[in-house]
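Take a look at the structure set out below.
Quick note: numbers below take in every heavy atom, side chains included, and nothing from hydrogens, waters or symmetry partners.
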Amino acid sequence: MTHSGFLVFRTLVSLYVADLDGRLVSAMVKGKAREFAVGIVWWMAVAIPATYTNSMLSFLQAKLACAYRTRLTTHIHKQYLSDNTFYTLGNLDDRIKNADQLITVDVAKFSDALAELYGNLAKPVLDIVIFNWKLSRNVGGEGLFVMTLLVQLTANVMGALTPPFGYYLAQEGKLEGQFRFAHSRLIENAEEIAFYSGHFWEKVVLDREYFALIKHINRILRRRLIHGTMEDFVVRLTSLVLLISDQIRMGSLWIITLCSSSILQYPWKSSIIFRKSYSKYPS
């Protein structure tokens, strides 16, 4: 409940800051120094609860990840240390070669991802509802429909062009486990390897596992670079189209700000907040 409350509060603060930025620009365009100075003071005052909210959300998410990891680790230890399961995995069953990697590192990563899941799902849904309500008051139902249609079209295009990063991360974890298992195997059989002078072949095995991991990571980095460039281009192009269409339809000043939230591409944690100023260009 506390986490949900802070998510709602952060969205409301974002809306207020967007509205305040519009009034600041309006005061600057009209040359109202006193109104502009008051707006700057309010903007600095709002920064205090805003920064506290962001820090508190990070803290609550970390606490949630720790709680998930504690419950998962307790359950795994109970199953792992019952009926000699640890002995079976290590000596009789070779289907799981890196149990230590799975219990320690992978459980921690899974707990972090699970804790992030709630915020990554709840905040975009909340942002969409509140931002659409705010936009409908500013631009009307017709403008909101056009924006929503364009945003949805862009999200579908990006979804079709986005590589399967989840699968890539799963493969990376598997390769990390294999590399760690190769080192564990070397330590476990160090006496036999030294006696038979098998260090050369063990080096070959370690190098093979390591370079397979590095090759996979480099492939992910290249695809992230291409995807990030394409995503940024689509976001900027969409905001430009919306700006031009609004200038033609309304003839008023719009400030379109790209920031990390949810409307345009909530699965990828980036969005567009449309901030409307409350004045027209001075004649």
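Under the side chain to side chain contact (heavy atoms under 4.5 Å, CB included) rule, E202 has a single partner from N189, I193, D207, which is I193.
Note: L117 CG to L64 CG = 10.0 Å, rounded to the nearest 0.5 Å. Separation of atoms CG (L225) and CZ (R223) is listed at 12.5 Å; rounding is to 0.5 Å. Atom CD of E231 sits about 7.5 Å away from atom OG1 of T162, to the nearest 0.5 Å. In this structure, CD in E209 is found 9.5 Å from NE2 in H183, a value given to the nearest 0.5 Å. Atom CG of D112 and atom SG of C66 lie 8.0 Å apart (nearest 0.5 Å).
Contact record, T104 with R69: O-NH2, 3.5 Å, taken as the closest heavy-atom pair. Smallest separation of non-hydrogen atoms from F179 and L206: CE1-O, 3.8 Å. Contact record, S111 with A65: CB-O, 3.5 Å, taken as the closest heavy-atom pair. The minimum heavy-atom distance linking Q61 with A115 is given by the pair O-CB, 3.6 Å. Closest approach of Q79 and T85 over heavy atoms only: O-OG1, 3.3 Å.
Within the 4.5 Å cutoff, no side-chain heavy atoms of Y168 are placed close to those of E172.
Taking the centre and axis of the six-membered ring of F165, the NZ or CZ atom of R224 falls inside the cone set by 45° and 6.0 Å.
Taking a 6.0 Å sphere around OH of Y52, one finds it holds 12 or fewer heavy atoms contributed by other residues, nucleotides or ligands. With a 6.0 Å radius and a threshold of 12 heavy atoms from other residues, nucleotides or ligands, F110 has its CZ atom at or below the threshold. Atom CZ of F6 has more than 12 heavy atoms from other residues, nucleotides or ligands within 6.0 Å. Residue D83 qualifies as open at atom CG: its count of foreign heavy atoms under 6.0 Å is 12 or below.
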Would you please test F181 and Q178 for side-chain contact (heavy atoms from CB on, under 4.5 Å) and show each step? CA-CA 5 Å; F181 173 73; Q178 291 176 354; 5.5 Å; no

Starting from the C-alpha separation in whole Å, work towards a yes-or-no answer on side-chain contact (heavy atoms from CB on, under 4.5 Å) for V205 and W201. CA-CA 6 Å; V205 172; W201 295 110; 5.7 Å; no

Run L72 and H75 through side-chain contact (heavy atoms from CB on, under 4.5 Å) and show every step you take. CA-CA 5 Å; L72 286 172; H75 177 72; 5.9 Å; no

Check against side-chain contact (heavy atoms from CB on, under 4.5 Å), R10 and L57: CA-CA 9 Å; R10 182 171 66 175; L57 283 172; 3.4 Å; yes

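Residues V13 and L24 share a hydrophobic cluster, clusters being chains of Ile/Leu/Val/Met/Phe/Trp/Tyr side chains in contact below 4.5 Å. Transitive grouping of hydrophobic side chains (ILVMFWY, heavy atoms separated by less than 4.5 Å) keeps L175 and I103 in distinct clusters. Linking Ile, Leu, Val, Met, Phe, Trp and Tyr residues whenever their side-chain heavy atoms come within less than 4.5 Å leaves L169 and V107 in two separate clusters. Put simply, L213 and L221 are part of the same group of oily side chains (I, L, V, M, F, W, Y) that touch within less than 4.5 Å, one to the next. Note on I217 and I220: separate hydrophobic clusters, where clusters join Ile, Leu, Val, Met, Phe, Trp and Tyr whose side-chain heavy atoms are under 4.5 Å apart, directly or indirectly.
In the model, R219 has a side-chain atom that pairs as donor or acceptor with a side-chain atom of H216 under 3.5 Å.
Panel note: side chain D232, backbone G228; no donor-acceptor pair is recorded below 3.5 Å. Here the side chain of T51 pairs a donor or acceptor atom with the backbone of I48 at under 3.5 angstrom.
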